Structure formats: C-alpha cells, structure tokens
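Beneath this line is the structure, given in structure tokens, with notes to follow.
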Amino acid sequence: MQFFLEVLIGGLLSGVLYALVALGFVLIFKASGVFNFAQGAMVFFAALTFVGFQEVLPGWTGLEEGGSAVFWLAFALALVSMIILGILTEKIVLRPLVNQPHITLFMATIGLSYLIEGIAQGVWGANVRGLDLGIEDVPVEWLMESSNILVSKFDLVAAGIAGVLVASLALLFQYTKIGRALRAVADDHQAALSIGIPLQHIWVIVWGVAGFVALIAGMIWGARNGVQFALTYTALKALPVLILGGFTSVPGAIVGGLIIGASEKLAEVYVGPFVGGGIESWFPYVLALLFLLVRPEGLFGEKHIDRV
Amino acid sequence: MADSRAQAAPGTELDTFPRLLMNHARVRPARPAMREKEYGIWQTYSWAQVAENVRAIACGLAELGFKRGDRLAVIGDNRPRLYWSVAACQCLGGIPVMLYQDAVAQEMAYVLQDAEIRFAVVEDQEQVDKMLEIRDEVPFLEHVIYDDERGMRHYTQTFIKGLDEVQEMGRIHDRNQSDFLDGEIAKGAGDDISVMLYTSGTTGKPKGVCQTHTAFISAARGGTEFDRLTDREDILSYLPMAWVGDHLFSFAQAMVAGFTINCPESGETVMTDLREIGPTYYFAPPRVFENLLTQVMIRMEDASWIKRTIFHKYLEVARRCGADILDGKPVSAGDRLQYWLGGLLVYGPLKNVLGMSRIRVAYTAGAAIGPDLFKFYRSIGVNLKQLYGQTETCAYVCLQPDGQIKLDSVGVPAPYVEVKLADNGEILVKGPMLLKAYYKRPDATAESLNAEGYFMTGDAGFFDEDGHLLIIDRAKDVGKLNDESMFAPNFIENKIKFFQFIKEAVVFGNQRDFVTAFINIDLEAVGNWAERKGMAYSGYTDLAGQDAVYELIRDCIEKVNADLASDARMSGSQIKRFLILHKELDADDGELTRTRKVRRNFIADRYAVLVDALYGGKPSCYIETQVKYEDGREGKISADLRIEDVKTFAPQAAKQAA
Amino acid sequence: MMTNDMAVADAGQQATGRRIGGVILDLQKISLSFGGVKALTDISFDVREHEIRAIIGPNGAGKSSMLNVINGVYHPQQGDIVFHGETRHEMDPHKAAKQGIARTFQNIALFKGMSVLDNIMTGRNLKMKTNLLQHALFWGAAQREEIEHRKKVEEVIDFLEIQSIRKTPVGRLPYGLQKRVELGRALAAEPSMLLLDEPMAGMNVEEKQDMSRFILDVNDQFGTTIVLIEHDMGVVMDISDRVVVLDYGKKIGDGTPEEVMANPDVIAAYLGTSH
Amino acid sequence: MFYREAGQFKASYQADQQIFPIRQDRVAVWALIVFFAAVVPVIADQYWLKAILIPVLIFSLAALGLNILTGYAGQLSLGSAAFMAVGAFGAYNFMLRIDGMPFLLALVMGGLCAAAVGVLFGLPSLRIKGFYLAVATLAAQFFIVWALVKFPWFSNYSSSGVISTQEISILGFVFDGPTSKYMLTLAVVVVLALAAKNMVRSSTGRAWMAVRDMDVAAEVIGIRPMRTKLIAFAVSSFYCGVAGALYAYTYLGTVEPEGFNLDLSFKILFMIIIGGTGSIMGSFLGAAFIVLLPILLDNFVPSLLGDLVSSSFVSNFQLIVFGGMIIFFLIVEPHGLARLWQIGKEKLRLWPFPH
C-alpha cells in the first residue's frame, strides 16, 4: 500500500507536468485550430535558450556566474525569445495556411518542430547541459517521517509551480477579457472577427503564452533530466493526455495529465514486469486509444454533430 | 493509293455513290469510314458497317414508301446517321436535300415546299418540333424520322418515327427481299440527280441546285487526284451538311477516295475534337483561320517575355523562309537550320495545339482570305491553299497546286474544268461538275448557262501570266464611281476586313463621288485591345463609339487607302469617310446571309439615313434599329454615330506612306 | 440507348412513361432532435411511386433534416419509416443506397479532388463486383467491368450534356455545373428514388430551366421517384406533383401545389418570414 | 513543347483508360524503365547502387504505401516505419522458420503480416478522424517497436532484437551483389507501383478518394467508409511491409527494431508531402528528394563553407532544411513536386501558350 501510494504520487506529480505541456497544446488549438506538434520542440528550444543565456551572460555582462541576476535575466531573455518565436510562427507558418485543412496545419507543425530543433541546436550547440534550479532532489522529510512515503522534494516543488501555473491559466481563460476573446475565437473565427477582436493579436498572445508554458516546462524537465534533445519527446507524452482530456478543454488537460501520469507509472510498475518492461512508451497511447473508442470527443470535449 | 487509282480508271462502273459505297465495303471493309465522338470516345464505323447501316436505312425508307425520285430532307448537325441517310436515299434513287440546321422553321418551310418533301430525316427533338410547327404549310410531308431519341417518348404522332425503328424495319425488309436494294442500286445511273443543294442566294428565294452523281464524283475525283488524297486521310466534318463544301469534302471525296470522316461531339467541342483527331485533310472558311490566329495572338499576349521573344523571333524566321520551304523553293542552309529550330520550338507545338500537326492539305474558300493570315499558316508549314467554286459547280472550279501558291489568286482550273472569261470580265466555266438544272426553275437554269453550255459564275476576274485566276468581285457588284473609275466593293471590303480589329465592312461608292464605309469592329479583338489599354466598356455599342476605337479603325483604313493608292485601277476607290455601326451585322436580322456574306443592298436600304449622312458631310447621325435576339425576342438599339474622315493618298504619294 | 439501360427495376413503367403509382415511402410521426434541440416534430407524409414530391418551407424549417432521415444520415428519435412495405425505425445510408435511394446535397458534396468522370463513376461503385486483387492487376474482369460501367456513366454524361467537361476536376467548375455533376453522380446509381436538396439554389434563370428540364426528364424517362427541396416557388409549382410544407420542424401543409398555395397556414408562414 | 497530341484520338475505352494516354509519355516511361533496368546497372558504381538507388527505390515503395493511405484515402499515419518493421521481421521469420521458403513469397508474407497489423491499428478509424487518428497510429509506432524488442522470439533471440537477413536466392540465383539486389528491388518496386496505379484508377481508388474528399457523400452513394478505410490501411501497410522487408534484405542486411523509429516514419511522411500527396509519381520524387538531400548537404555544404562549419552544424542544417521545406511546400505547393511536374507538363503540352 505504501509502495502503491509512492508510485501513485510520483505518477500524479509527473502528470502535472504532462498537463502543463498539454495546456500549451490546448491553448493553441483553441485559439487557432492548430494541433501544434512543435510544442515539444518549443519546450526544448526554451530550455536550451535559457541555459544558453545563463552560460553566455556572465561573459557578456560581467555578472556573477550562477547568480540570481543572471538567472532572471536569462529567464527574461528566454521568454522574449519564445514570444518572438511565437510571433514568427504565427506570421510565417500559420497565416499563409489559414483555412487549410487541420491535417495540413498539423503536418506543418511537424515541419516546424524540425525547424525549431535545428535552429536551437544550431545556435546553442547539441551538448547535454545540466540545469540547476536550486531545488534539491531529495525525499521530503516530513512525509518520510510521518508515513514513510518517499516523495522527491524537487518533484513536489515542480508540481507546485506547474499546478499554480495551470490553475492561473485556467482562471485567466475563464474570467478575463482575453480569455473570453480566446473562447470566442475558438468557437467561431467569423463571429470573433465580427465582434471586433483582432484575430492576429489573439494568436500572438496565445503563442506567447504557449511559449511561456513551454519555458517553464522546459526548465523543470531540464532540471530533472538535463537539457537535451529528448525534451522534444515531452510532446509525445502530452498527446495521449490531449486525447483523453479533449483537445479543447483546459480542465481536460489537467485531469488527463493526472490520469496518464498516474496510470503510466502504475502500469509500468505493476504490469511492466510481466511483459518485459518499458511499456511507458506506448501504454498511455493504448489507454487513450481505448478511451477514444468509447468516447471519441474526449473526457471534456464537446460532441460534434456532422451537419449535412 | 492503289485502290483509288483503280477506281479512277475510265469507264468503270463506279459511277454512282451507292456503288462507290458498296465497293468500299468490299475492298476495304474493315477500314474506318466514319468516326463520331460519342460517349467519350471516337466510336468508329468501318465501311462494311456503314454499308450495312445504309442498307438498313434504305430498306426501311422503302418500306415506308419512299420511291425513286423522291426527295429526302436531311436536317441536323454532322452525324454519321444523317450522312448514312443521304447515302440510303441515293441507293433508292432518291434525292437528298440537306437543310441548314440552325434555320428557323419558317425558313425551312420554303425549301420543304419547293422540293415537295415527303420524307424528312432530322437529328433531334428540336428539329422535329420545327417540322411540327410548319406541318400545315407542307401537307405532303408524310414521315419525320429522328436520329436522337432524347425527349421523343411523348410524341405519339404516327408519322414520327425513330431512325432505329426504321432501320429495324429495313433489316427485316432486307432479309426478306435481299436482292431488292441491290436491284435499286443497279437501276441508278451516273446521270441521275444525286443531291439537291439550295443556294443561300444573296438575292431572291433560294434555288435548288440539282447535281448528278457524275458531277460530284468528277469533282471529287479531280480533287483527290489533284492533291493525291488516299484512303488514309482523316477529315473533320463540322461545317453544315447543307453547304456544298461539306458535301464535296465529307461525302463525295470520302466516297471516292475511301478516307475517314470524323464527326465532332458537339458544337462546343469542335476545337478539342479537331485537336484530338488531328486531320490530315482540312477545310475551313477564312473566318475560322482568322479566329484561330486571333486567339493565338491573344493567348500569346499573356505569355512570359521569354516565350514571346522566342515566338516572335521564329515567326519572323517563318515569314522569311517558311512558305518557300513549304513550296520546295531553294532556301539557304542557315535559314533551313533556323526554321528547323523554329519547328521544334514554335511551329510544331503551335500546330499541335491547333490540331494541325498532321495536315497534308488544307483548303479555304467562301470568302477572300487575308494575305497575312494566309501567309502565316503557310509559313508555319500548314499547306493551306485556296480554291474557287460555287454550289452550281460542286465547289470545284480552280485549285491552287502545291508549290505554286499565290496569295491573290485562286489557282489554276481544276482537272476536267474549262474556264474562260467573258468580255465584261465575268468568269465562265464548263465541265462535268456543272449543275444539271435549278429545281423547277428552267428560267433560272437558262439564265445561268449560256448558249455554249458555260456556267456564268457572276464573278469578275482575270488570269495572270502563269494562268492563275484572280477574282476581283461579283460581276454585278462591280460598278463605277462618278469619275468613271472602277469600283469593286468586295475587293475593298476584303482588304479592310484583313485587319483583325475589323469583323465586317460594307463600302458604298457606285454612282457616287467617293467611297465610304460602314465598319463592324471585332468585339473579341478590340475588347482585348481595350482591356490591355485599361479602357472600360459595357458592350458592343459602347465600345464601338469610343474615340480610341475610332482612331484605331481610322489607322486601319488609312493603311487600306495607302494600299489602294498603289494600284492605278483602284486608287480612286480610297475611302474618304467611315462610321462604326452601333450593332453587329447579323444573319437573323437579314443583314448577312447564312454563310455570313454581307447583303449590301439590304444594308444600304435599312441604314439609308446613315448612307445619306456619310455623303451629306454630317459629323454624326442618330439611328435606332430593331433587332431580333437569339431567343426570338425583339428589341431596339439606338446610338448617335460619329462619322469620321480618313486621309487619302495621291497615287504617287503611296510609296512614301507605305 | 439510354432508355433501355437506365430503366429502373420496373420494366412495365418505362414503356408508358410516367404513371404515378402507390405509396412506396411512408414517414410516420418522425421526430428528430440534436442534443435537445428539436429539428423535426411528429412529421408524417408519404411519397408515391414515380411522383415528384416537393418539400418546401422557410430556412431552418427542417427540410434537409427530413431528407437526411429518409436516407439514414440522421436517425430520428421517434417514428417509423416504411420503405417498399418494410417498416423500420431508422434507415442506414449504405442500405438506403443499395435499395435505390440516391441524393444530392444542398452544399455541393462532390469529391473535389476527382474529375467529373471519376465523380460520376463513384455512383456506380455499389454495382461493381470485382475485388481489390483484380483491380491491382486491372486485367480481364476488372477492366471489362470498368469499361461496362464507363459506358453507363457516359450515357449519364450525355444525358446531362456535360461532355465537354468530362475530364475536368470538379473543383474548377462553376457552381451550376457542379450541381449538374452531382445530379449525374446520383443518376449513375440508377436510383428508383432521388432526393434532391435545393438542386437549383444559386442558379440563374437559364440554369434553373436546364435543371428543371433534367429533373423532369429523369422522372419521365426512367420513372424515378423524386423528392426535392426547393426555394423557388415557381419551379415547385411547375414541376412537382405534390408538396409538403414544413415550418419550424412541423408540417403545416400537404397537397397539390395549388392546394398548398391556398392553405392559410402556408401563406402565413411565408409572409411571416423573409428569406 | 515535345508533345504532339494531335491525332492521338481514342477509339476505345481501353485506349482512353491507359495509364499514360499520351504516346510521348509512354515512350518516356519506357525509356526510363529501360534506362534504370539496363543502363544503370552497367554504369552505376557500388556506392550509387548501395547508398542511393536501392534506398531511393525502397523508400519510394514505403512512401507509396503511405501515400495510398494518406494521399488517396485521406487517413494520416505516423506509424509507417513500424509497419515496415513488421514487414521486415515478418519476412525474416518466414525465411527462418519455414524450410525452402521462396524469398518472394516471404516478401509477400511479410507484407501480409504488416497488412494484418495495419488493419488492427486502422480499426480506430471507425470512430476517429484527422489527427486523433494520427495519434492512434503513433500508438502503433511505439507499441510495435517495443514488442519487437521485448519479445525475442521475433528476432530469433538475438541481443536487442537485431536480425541479420538470410541470403536471397530465387530459383537458384543468388542475389548477393549490389547490382543484383538493385535489380531485384527495382523489379519489385515497378510491379507494385503498377499495381498501386491500377488500384487507384479503379473503383477501389475512387472509393478511397471519395472517403477522403467527402465521407458523408461517399456513404450516401453506397461506399462503406469503414471498409474502404480498412482496405486502405491494409494495402498501405502491405506496401510499407514489403518496403521494410526489402530495407532489411536488399539495403541494410542487418536491422534492429529501433531502426524503424518515429523519425523514419516522419521521414516517409515528409517524402509524400514534398513529393506530392495523392500521386504515385510523387512518392518516387519525394523519396528521391529526401534520400538525396542529406547526401547533397553532406557533400556540398562543407566543401562550400570549408572548415567554418562543424559536422553537427551540417546535421542541424539538415533539420532546418527539412523543416523549412515541409512548411514551404505545405504553404506554396501542397501537392508537392508531383504537382510542379504536372504544371511543367501542362506547360509543355500547351507550349508556346501560357494557358
């Protein structure tokens, strides 16, 4: 039981991170109808840019290496880079493809992910880097003492940050003017235009926010596993989350992330040994797929009626 | 080749079309006789199949009571089964009478009455309806037989039958009396009338021209020998069956030479079908060639400058040496090389797109063809030639021989034809291809044939030093200006019409002090020109009245004047004043004949106020005209027409201006 | 020619042309809703063999939904459909097609990436028997079958007078011609019943006349029963035998064109709405 | 310019339905086949055969397979490489476990295994469309590779699933050199390409395209979307499977499951995007492009820029070029090189006219 809880909590914590990445997808999908496969590449790009700036800034500015000034400056620069990336993407890739079938846009974002990966590594190099957020990866003491459950402090903090972010975005989406505009756009581009919301602005904001989410996700994952090419695979983790939760639902992304995170870990631990292990790679997909057959629109997705 | 030689032997029994047909069915049963684009492919009928079908139709007609000497009306587009009906009628010793299929019912009524038609084979519901409309006026019409069943199921009248049904009756008839039709064919003689063609007639009612088998077979045989046509030729049959040219090329020559005729799918697909078939032998009136060239030039306007440069460079090469190469004249090796390159880059592809890649012989006639136009086709290697003839001569008097092409002549007298000139310049012809008579019009027959048996063509012309005939004008149209100099209106009009911007021209001057002209602009060409210049216009009338257009046309006419000034006989005929008509001259309004010749006198009467204004020196004139639209509605067009003066040239000044 | 080949199952019918027969389709108390929104409420009407039956009504009256119920694209929550004497709760599009129901759509539903010819050929798919392996070889039976069906399709092309565009991709055609091609695709299936959803919408007068003629010819030559939705009252009056009027998902009138036009409810519905 | 179509009229439906209705095209295609079958083996060196021609042919086949599914039937798949893996391991096991198994039959059986797996993973297309389906095919991608690694039976208990292919021998002739392997590959690819063309121009292909373009309308005229999609999955996977088997047997000789990873699937997807979706020829053009581009970049970028660039730069540059090309083609010419070819051909047919 204790072990089960450990696995479950570990799974849920990583699930929060999945949710974070999935949220980036949902934002962009809702606003522009694009299934952004390049979200993973953006995470990688963001983390690499952050680390890259951290490395070069002391040399450029004379600031103390590893200091908080460098940290925040690098963070700011990385964020600006992400926003610029978002704007460029919107202008160069999405706008010319507006009104194309969704599947075409999807394929374009696959191309985009190659492009972003190439640029990121071209600029910052392909070496694996460490990233230190100053949070130790040690078991949380009070938990260990009270119930003898091993939960990493790092995981907990990361999940906390992600949770706060997810929650605030959900609120933002629900209650602010921008959020309402976003929802209007998601429902009907024409209608959104007719009530006077400049579509381009919204897209830029959304890509900017998605970039911000990617940066946070990249920093957390990078700190955990090192900043390396494998960060791009976070997108692949987020896909089943989306299917489960529905492409258009913020709560769906959160709940889906938690379900996938937990079930994946549980399956790996309890089912894995019987089939040789390593089922993490495909288990979420199969789970999502089975779920799809029952409920094609996802947990929180809207049922779509084919008008003829 | 060998076969056509064999038929050409004198004294052969192949002296009627039915016998020719049955002979082809024996000699080349599997060769394609006809193709028709239908259901997406070229449905092919061999000579044997054609003969079988013709037999069935003939026997079916006989079963319905068709007798020797009866006339059979044939109305419709160029459809195999209509050609078969013509042949079937001839098998029975009857006389096919083809009508222009786009004529309105009332126009048809006259011919049906005149020819006392008992049987009509028509294409479709539309033509059946016309027959029903005029049924009361032609009470002797006993049977109307339709080819296309579409929409015919509710016609319960017993005198209306499907050609299928008639053929089926015929097949049974033929089975029961298998020697009946052969007997009928055997009864035929070369001197029997094989067909009656109604002349459209610029004046008076149409007259039925009776032509014998011998006449058309001679004309066809002469033509095939002259151009060495074989049974491998392909021809596209798209001109009205009622027109003598189609009967000569698509029927008589095909029957004589045994080549294949190809019927297009529909009127709107003619150009595509032409391209698919790629005929080896082709006929088209000048306006078709002209439209093609206009389209070529318009389409080239949109091409990239590289293409345009190549195009024009090699057209220049072609202008320089193309015609000479085609005529087998000596040309320098350098030019030959350039022409070969041009063939690869321009002429070959161009001919391909136009469907003219395989043409060995192409003819044009019916109206004068512009020298530039004519030269253009010859220079890119299309062996385009002119011929001269009338309905009364089976469209067969003069032909241009290969290698001796002159732009202004119509060639030398064709085989078996004798041509001489009357004192007033009128062209007189004699030969086996002459009409037997005008149907029921001994007066007209006597008028057109002189005492020595020459047919008086009504055209004025002369022979040049090489024995080529030049046509100037209709003999009766040739008049005199008040200064006694010659006035040949057609001659002048043709010169004007050679400009692509001008579609029709009507000139006046007989018994007048000077020459004036009505102009019809070519809406497509001028419209395009206007679009390129960024001019807005709302339609023909608006465009025709614009200053810039007047300027454009005045330039054209000035060029004509310069040209006329260079010829001593014609320099007095320079155009002093002109106007652009507010409407297009139209056959439906009676201004043109069905073959699109202008009816000058009718126009002069109809627009008398305009003629007066031209000679009265007025700067403009108001006119209101009744018009008939395609759907039969009537309406009015009115405009204030400007009249403009044109520069004329003194005879001696001509050289400088040109 | 066409007449012989295209004739529908009932051979007796074609010789004498159009003769309205008994009821072949009976819709009984049909109700349909989407997530609580009622599209059709308790609608009953019937269609007789060989007749031209029009469905009219203002926008949003539920006309297209009605056609979608008939050929099984939508499944009604309540009601029965009696087709050829067989009662069922809902139709299935594939089965409907097999039983000879073909249709066109309000917003042209052609296959944009294919030529006119191929689009119409798809109408023959149900009747094609050769299998995948034979197709891969394209030899013998497969080729023979392809040609046999091509001939039928060419007859349809000829019938609709669209020869000159047969190899054009449908996406490049003007609207009116696309409608005609869509009719061709439906005709290629040699249907006994044809559902036409606003066949003349967006057409000019001339195109409408052509289309009316084609519809009448189809009905006349092949005896095809036709159910059509049309806005142009002139056309409806001209070509239909009986008319059913819908408004807000309810039936408000049913009868001959004259009867329907005299019906006060219908007049009210039409005057009360603008479209 | 080189076309002389006047006079090439069709007097029968057979003639009208030819794959290449224009005589000049037929001549060109035959010339091309003769060139690749008779001239290339003589003039090409080992490197060309082994590193360029054989992979181009194999990838053409795989792209063809994906194109049937994505280009013709409109179902996006991101699992092509996995189906290739099934084909490769299928053929390997048939060769391994059945004595005297003819190679060509093993190839077909490998393809059939892939087809069966393809149908299984195509089943979700019953309910889902578009990128939902694409994600479903990702499941196939991950699951299959995982299964091939984790169940050593598939690789005859070799370490980490690596297999070394058996000798290819047909009717006693051993295909051991690059030339003979090239010829074998060429023959298989040409035959399958012809079969694919035949399928897409028959009612099967029309059903695919109908479902792709407008599935509701397709259903209404009696095409069963489900059946049609599953057939597309089966045929597509068969082609990918055969391509995978050839990949193992005539190209690499030794393969491991991880070699058939998502990157390879993407590569094949890129081939059809750049080559042209819904075009048989596009599959070949796209495969040639994607295979040749890195070789060109490897050879020319360093020689152009000299020592300025590192090898990692070249590989990143490749990523950028690939990504950029995909976006470029999707925006500018969604139908890829095949459409450009088509446009060029139209221009030649209309030459000297522009339209």
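Atoms considered below: every heavy atom in the structure, side chains included; atoms not considered: hydrogens, waters and symmetry mates. Order of the sequence lines fixes the chain letters, A, B, ..., with proteins taken first and strands second; residue numbering starts at 1 for each chain. None of the values given here were measured: they were computed from a predicted structure.
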Which bit of [X] is near chain A, if near means a heavy-atom gap under 4.5 Å: side chain, backbone, both or neither?
X       : result
A134(D) : side chain
L269(D) : side chain
F329(D) : neither

Taking the side chain as every heavy atom from C-beta outward, state whether [X] and [Y] have any atom pair closer than 4.5 Å.
X       : Y       : value
L319(D) : L115(A) : no
L78(D)  : I110(A) : yes
F35(A)  : V135(D) : yes

Inspect the surroundings of CZ in F289(D) and state if more than 12 heavy atoms from other residues, nucleotides or ligands are less than 6.0 Å away. yes
How about CZ on F317(D), more than 12 heavy atoms from neighbouring residues, nucleotides or ligands closer than 6.0 Å, or not? no
Heavy-atom contact with chain D under 4.5 Å, split by part of I119(A): both
State the [atom1]-[atom2] distance between [X] and [Y], to the nearest 0.5 angstrom.
X       : Y       : atom1 : atom2 : answer
T109(A) : L330(D) : OG1   : CG    : 9.5 Å
L236(A) : Q141(D) : CG    : CD    : 10.0 Å
F37(A)  : F266(D) : CZ    : CZ    : 3.5 Å
Y114(A) : K267(D) : OH    : NZ    : 8.0 Å
L76(D)  : I103(A) : CG    : CD1   : 4.5 Å
L97(A)  : I331(D) : CG    : CD1   : 4.5 Å

So which atom in I326(D) and which in M107(A) form the shortest heavy-atom distance, rounded to 0.1 Å? CG2-O, 3.8 Å
Can you see which heavy atom on A139(D) is nearest to which on L289(A), and at what distance? CB-CD2, 4.1 Å
Between F142(D) and Y285(A), how do the two ring planes meet: parallel, tilted or perpendicular, split at 30° and 60°? tilted
